[in-house]
There are 2 protein chains.
Amino acid sequence: MTSSAEPVSRAERKKQELRREIIDAAFDCFAERGYHATGIADVATRLGIGHGTFYRYFQNKRDIVDHVVDDLVGRVTGALTAENAPDAVSTLAEYREQSARIGESLARIFGEDPRVPRLLLFEAPGIDRAMAERILDLFDLAAALTSAYLSHGVELGYLRADLDVDNTARAINGMILGTAISSLRTPEAQTAQSEALRRVMYDGIAAR
Amino acid sequence: MTSSAEPVSRAERKKQELRREIIDAAFDCFAERGYHATGIADVATRLGIGHGTFYRYFQNKRDIVDHVVDDLVGRVTGALTAENAPDAVSTLAEYREQSARIGESLARIFGEDPRVPRLLLFEAPGIDRAMAERILDLFDLAAALTSAYLSHGVELGYLRADLDVDNTARAINGMILGTAISSLRTPEAQTAQSEALRRVMYDGIAAR
DNA sequence: CATCGAACGGAATCGCGTGTCAGTTTCGGA
DNA sequence: TCCGAAACTGACACGCGATTCCGTTCGATG
């Protein structure tokens, strides 16, 4: 797949490598001081390159933050979709396992590096309207996925027949969001947090 | 209470009034173009005053956004606490009613003016670290309140005895957060959304 | 080793927004 | 009607950071 041939001259590879490094350095800076507070010079200095060089790789400041966010969004959607087809499941027990798996996957991304949720949830939406829309798109995508899982469960009869799949999906994603945000301050509560989340989903909160 | 006397000269009242108007205008601007994109001049122009005047009322740009946020946080905490003592409730049915009431109250604030959630959730956290912490504080406060309700319910026996109150509180607040965010794009779904939220809380999602 | 083009660095440019200040207006009281 | 204090105004000084540009360096090629 990556062998789409072409020159791939040694120099070309070097170039792609630096491009990659710039994206990473920008991510570091944005996460550390925030988007508006970091200058192009900061990013360049962190890599030990002149800031004029930056402009050989990216159009402008707005351009790079898009690439940084691309990267993070990719990681998240990857975790959401990888190895987890909605129709791979046919009982409630299997569904619980699958949701636990997805939950862990997200927890890993968010928990291992709190800068990821910080940037996506706290920094990005304040950059401009377009970026805020991108984040909302991400929420919508997540809602659509969750919704598909729920629909599947309703069809097979292991979830409530009268479930309002779309809105319930958003509610569930909200809980996940809440977990991600909590973990910004108390990363160690992650596990208990997602356990509580699953209990609410499956058992509700009322006494029996 | 407000009659703490003192001069309250006519001029003094005028002054407080303008101060108030500046806060409102700043809110309008921040919500419209975002914090970083609005200049003091924009705020002043909107009121038809010179921007020098602004500095007679507030120290600087950072100062005013604090006051704007104060205002919004006040509205939200007001909705969360007003007329809703945790111990005013003693059965599950009453608890459902109370939670519906609080939900409606929040829905009113967020639904009537989407700029409120947009500013609190999307704009504020990106301003600087201190502001992000303020928003996290607000989440913590909300979690503590919800937690108190849940504890009360566990003690009286109408909620599950093994409920992890703290983490469940955060999960529930997450769902509320999800609702607020959804309503940024689809305000009309508010009601269905919070209905779904309550169903998850009380009935879970599994078939019986 | 000479040549040439591409990549690099960082000094200089440019525009913008914050915050100040000195002159002007408003207003209440005598 | 007049005076002085307080409030207002907007031109201006200032700093900061994004972007440009050109002299220098690097490295491939013959």
Side-chain angles (χ1 to χ4, degrees), chain A residues 6-69 123-124 126-128 130-131, chain B residues 6-68 123 126-128 130-131:
Chain A
E6 302 322 307
V8 202
S9 62
R10 179 168 146 59
E12 185 66 18
R13 248 178 298 122
K14 262 265 146 97
K15 199 165 170 176
Q16 291 306 321
E17 202 176 297
L18 179 51
R19 191 180 160 82
R20 177 78 246 158
E21 287 182 318
I22 292 177
I23 293 178
D24 290 340
F27 170 59
D28 291 344
C29 291
F30 292 154
E32 214 163 87
R33 315 183 192 176
Y35 173 74
H36 293 286
T38 78
I40 297 301
D42 296 324
V43 178
T45 302
R46 174 173 296 241
L47 281 168
I49 65 176
H51 65 270
T53 305
F54 170 90
Y55 286 94
R56 307 197 118 274
Y57 290 83
F58 298 94
Q59 296 240 314
N60 52 39
K61 188 178 174 184
R62 186 51 226 272
D63 188 22
I64 180 114
V65 73
D66 258 333
H67 286 278
V68 169
V69 171
E123 206 63 46
I127 292 176
D128 64 23
M131 188 59 85
Chain B
E6 303 319 312
V8 201
S9 63
R10 176 167 146 60
E12 186 65 20
R13 247 179 299 123
K14 262 264 146 96
K15 200 166 169 173
Q16 292 306 320
E17 202 177 295
L18 179 50
R19 192 181 159 83
R20 175 80 246 159
E21 288 181 318
I22 293 177
I23 292 178
D24 290 341
F27 170 59
D28 291 344
C29 291
F30 292 154
E32 213 163 87
R33 315 184 193 177
Y35 173 75
H36 293 285
T38 78
I40 297 301
D42 296 324
V43 178
T45 302
R46 176 173 294 243
L47 280 169
I49 66 177
H51 73 271
T53 305
F54 170 91
Y55 288 94
R56 301 189 61 73
Y57 290 83
F58 298 93
Q59 296 242 317
N60 52 39
K61 190 177 173 184
R62 185 51 225 271
D63 188 22
I64 181 119
V65 73
D66 258 332
H67 286 277
V68 170
E123 206 63 45
I127 292 176
D128 63 23
M131 188 58 85

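- For A/Arg19 and C/dC8, the CZ to P distance is 13 Å, given to the nearest whole Å.
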Using nucleotides 9-12 of chain D, report all nitrogen or oxygen pairs with the protein that are shorter than 3.5 Å.
| residue | atom | partner | partner atom | Å |
| --- | --- | --- | --- | --- |
| D/dT9 | OP2 | B/Gly50 | N | 3.0 |
| D/dT9 | OP2 | B/Thr53 | OG1 | 2.7 |
| D/dA11 | N6 | B/His51 | NE2 | 3.3 |

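- Heavy atoms of B/Tyr57 sit under 4.0 angstrom from primed sugar atoms or phosphate atoms, though from no base atom.
- Summarising the geometry, the separation between NZ on B/Lys14 and C1' on C/dG28 is reported as 13 Å, rounded to the nearest angstrom.
- Counting to the nearest Å, the P atom of D/dA7 and the CG atom of B/Leu18 are 11 Å from each other.
- Taking atom NZ of residue B/Lys15 and atom P of nucleotide C/dC27, one finds them 15 Å apart after rounding to whole Å.
- Interatomic distance, A/Arg19 CZ to A/Gln16 CD, rounded to the nearest 0.5 Å: 6.5 Å.
- A heavy-atom distance below 4.5 Å is not found between the side chains of B/Lys61 and B/Val65.
- Once rounded to the nearest 0.5 Å, the distance linking CZ of B/Phe27 with CD of B/Glu123 reads 11.0 Å.
- Distance, B/Asn60 CG to C/dG17 C1': 13 Å, rounded to whole Å.
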I'd like a table of atom pairs between the protein and nucleotides 14-17 of chain D - only N or O on both sides, under 3.5 Å - with the distance next to each one.
none

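- Note on A/Arg46 versus A/Asp42: no salt bridge recorded, every NZ/NE/NH1/NH2 to OD/OE distance being 4.0 Å or above.
- Going from atom CZ of B/Arg33 over to atom C1' of C/dG17 covers 13 Å, rounded to whole Å.
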Mind listing the side-chain donor-acceptor pairs of residues 48-58 of chain B below 3.5 Å, one per line with the distance, residues two or more places apart or on another chain?
| residue | atom | partner | partner atom | Å |
| --- | --- | --- | --- | --- |
| B/Thr53 | OG1 | B/Gly50 | O | 3.4 |

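- Nearest to the side chain of A/Tyr55, among D/dA18, C/dG19, D/dC8, sits D/dA18.
- Taking atom CG of residue B/Asp42 and atom C1' of nucleotide C/dG19, one finds them 15 Å apart after rounding to whole Å.
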